[in-house]
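This report refers to the structure that appears directly beneath it.
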Amino acid sequence: MTVRTRFAPSPTGYLHIGGVRTALFNWLFARKHGGQFILRIDDTDQERNVEVALQPILDGFRWLGIDWDEGPEVDGPHAPYYQSRRAERHKQAAQQLLDAGLAYRDYATSEETQAERATAETEKRDYIYSRKWMAETDEQAAPFEAEGRQCVVRLKMPREGKCEFHDLIRGDVSFDWAKEQDHVIQRADGSCLYHLASVVDDADFKISHVIRAAEHLSNTPRQIFIAQSLGYSPPEFAHLPYVAEPGGSAKISKRKLDKYLKNRDFKQLFDHGERIANLIGHHVSADTFNPVIVDFYREVGYLADALVNYLLLLGWSLDDKTEEFTRDEMIQYFSLERVNKAPASFDPQKLSAFQLRQMQQLPIKQKVAMAVPFLQKAGYIASPPSCDTAPKLTRIVEAAGDRIKTAGDILELIEFLVADDQLEFDEKAFEKRVRKDGAIDLLRSFRDVLADVEPFDDETCEAALRSFIELKGIKIGEIIHALRVAVTGKGVGIGMFDALAILGKDSCLARIDRALERV
RNA sequence: GGCCCCUUCGUCUAGCGGUCUAGGACUCCGGCCUUUCACGCCGGCAACACGGGUUCGAGUCCCGUAGGGGUCACCA
């Protein structure tokens, strides 16, 4: 049997982090078994512009390197892969169920069913539809029709026995049929509902394994019923635990941003992203820019591999120590048996740790390439960059080392790219380190030392400063902080001598002069 | 509330009856390195939810309890 898995997003305009993990597991499972991964768009009942709402989702998957064998933009033997365009097929299936007597026309108004539901609730018993307005034959339907009622199609669910199935992750699961509702599968206007459509599409697309979020576990009996009623043998099921919120155990949701911001680690993740977003003029709104949405990470300059690796370990592990995987290794080692049953909470710190490790393994050249678009968006370098930018950028990135944790962090080093008279001084740092007895004089005299340094590279600069402090009989700390603030405008940053060398003599002198003037 | 699912350090997890005085990673806390900030290095704190069984022996199997969560649409 060929393994065929699918991920079926509805076009909501964004890619949810939990959805990505589900998709990733589907993708890995398909790749591992040499099968196909299919993207199907569940746009039943969507009124919005599907094209527009789908694009961010497709872009997200492409960025993450999760490719699909069949689906939007690539098509395939079962095209179209949009549920809305398969409406006729779904109607046909509904008719088939009707013909087989496994579904019926129901003439109840929604007020009537709601009333039944309410009664059941006040009487504290399980709600189960009375089937009072059920019509299985035209004769039964006639009086309702005469009243001018409209009908929907409901599943005629079994009312005894159990639905038992084996879940690849949770083992044997069972539900009482009697607790299942006669779910509506087709509306009065003829349009079909998700569960019918989904089962039909899965069968038509020859999906072998339905790997999805655990919230669908309780939907499984009705889907099995539909599949069996239609004469399909149901696919294998695997229900993944959901991704839980940071520091909590509830399912993570993009709507609870305010709550998550109270979590220190999450806030740190968000604040960092917001800082970068502001610098590149990216619009920040909870709907589109939010760590629960994958786009956030791309926007801030995370590595797709880091995110994917992190997400992989959220609910799956290989053994007691391996944490880093290349894509090939993931594919090689992935298995549903090693997926956990309990929800795993999203930990921003651990994600950052993966990001750092991946960045450390990246060649300088690649880091520079990643940084360029950020500088362009923020307007610090021309697009395309002039030819002298590359060497300078390389030096900055090299000197910055692990300080650049995401590509966007380059924007926190713009002191090396702005004109001398545009350099902004951090007021607090300036107050503390420059506007201080002794520091001003030392800075003034060291300025003159620097003026004679030749060649102006990091080693010579360092040698100059070392002999300067020896001559003055001071400790390095007494001058270097003032020097840093004068030259970079900040109290913290890359190695001092790297900074001097990158800026060059003229800039350094000009900046020191400017600092001395504003004292 | 009904049904279903879940339960090992703060977090992600290893553990599939004895090798567990429970291992790793992240975080946190010390210390080192050091011109700042990162990084790096060294060390430390920290968990089998509880109660019954089964067994010579239980984190590992069974049953309860508690807690957490999911789901109960003419949404997907």
Side-chain angles (χ1 to χ4, degrees), chain A residues 8-12 42-46 83 106 108-110 113-114 117 120-121 124-127 150 152-154 167 169-171 173-176 178-181 183-189 191-195 197-198 213-221 239 241-242 244 246-251 264-265 310 313-324 337-338 340-354 356 360 400-405 409 412 429 433 462 465 469 475-481 483-485 488 490-497 499:
Chain A
S10 50
T12 51
D42 280 10
D43 56 350
T44 309
D45 204 38
Q46 285 293 330
Q83 214 157 52
D106 181 50
T109 62
S110 41
T113 44
Q114 268 167 37
R117 210 179 281 275
E121 186 148 345
K124 294 205 161 155
R125 58 174 169 79
D126 293 341
Y127 165 68
Q150 295 207 303
V152 298
V153 177
R154 283 184 188 274
D167 185 283
I169 290 169
R170 333 198 77 96
V173 215
S174 91
F175 291 84
D176 286 335
K179 307 269 195 215
E180 291 293 317
Q181 298 302 320
H183 304 282
V184 173
I185 54 173
Q186 188 173 25
R187 298 184 183 90
D189 68 2
S191 62
C192 292
L193 265 38
Y194 167 75
H195 291 289
S198 183
E215 50 258 44
H216 283 290
L217 189 60
S218 50
N219 293 330
T220 309
H239 288 93
Y242 58 87
S249 51
K251 190 170 68 173
R264 174 169 131 287
D265 300 339
Y310 171 70
L313 272 308
L314 218 49
W316 179 87
S317 66
L318 174 65
D319 54 30
D320 59 343
K321 39 184 70 83
T322 319
E323 290 210 315
E324 287 183 69
E337 292 78 64
R338 293 201 61 87
N340 259 302
K341 289 186 201 149
S345 102
F346 177 78
D347 180 0
Q349 298 257 40
K350 187 104 182 184
L351 204 210
S352 302
F354 274 98
L356 175 67
Q360 287 172 329
D402 292 335
R403 292 172 187 84
I404 298 177
K405 295 195 164 74
D409 287 342
E412 314 223 300
R433 324 244 62 156
E462 176 159 10
L465 186 79
I469 59 171
K475 280 191 272 186
I476 196 164
E478 293 176 62
I479 166 81
I480 204 162
H481 300 296
L483 180 61
R484 174 184 299 283
V485 175
T488 68
K490 296 178 181 169
V492 299
I494 67 171
M496 187 71 259
F497 308 109

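Residue numbering restarts at 1 for every chain, and letters A, B, ... go by the order of the sequence lines.
The side chain of A:V492 has B:rU36 as its nearest neighbour among B:rU36, B:rG70, B:rU35. Of the listed nucleotides (B:rC74, B:rG68, B:rG70), B:rG68 has the atom at the smallest distance from the side chain of A:S249.
Heavy atoms from other residues, nucleotides or ligands lying under 6.0 Å from CD of A:E215 number more than 12. With a 6.0 Å radius and a threshold of 12 heavy atoms from other residues, nucleotides or ligands, A:E121 has its CD atom at or below the threshold.
OP1 or OP2 of B:rG15 sits under 4.0 Å from a side-chain N or O of A:R338. Between A:R154 and B:rA73 there is no side-chain polar atom (N or O) within less than 4.0 angstrom of OP1 or OP2. Between B:rA14 and A:S317, a contact under 4.0 Å exists linking OP1 or OP2 to a side-chain N or O.
Atom pair A:K179:NZ and B:rC4:P shows a separation of 8 Å (rounding to whole Å applied).
Judged by distance alone with a 3.5 Å cut-off, no donor-acceptor contact links the side chain of A:H183 to the base of B:rA73.
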Give each protein N/O atom lying under 3.5 Å from an N/O atom of nucleotides 7-12 of chain B, with the pair distance.
unit_1 : atom_1 : unit_2 : atom_2 : d
B:rU11 : O3'    : A:S345 : OG     : 3.4
B:rC12 : OP1    : A:S345 : N      : 2.9
B:rC12 : O2'    : A:L313 : O      : 2.8

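In this structure, A:F346 and A:Y310 have perpendicular ring planes: the angle between them is above 60°, well past the 30° mark.
With centroids closer than 5.5 Å and planes inclined by less than 30 degrees as the test, A:H216 and the base of B:rA76 pass as a stacked pair.
A gap of 32 Å separates the P atoms of B:rG10 and B:rU54, to the nearest Å.
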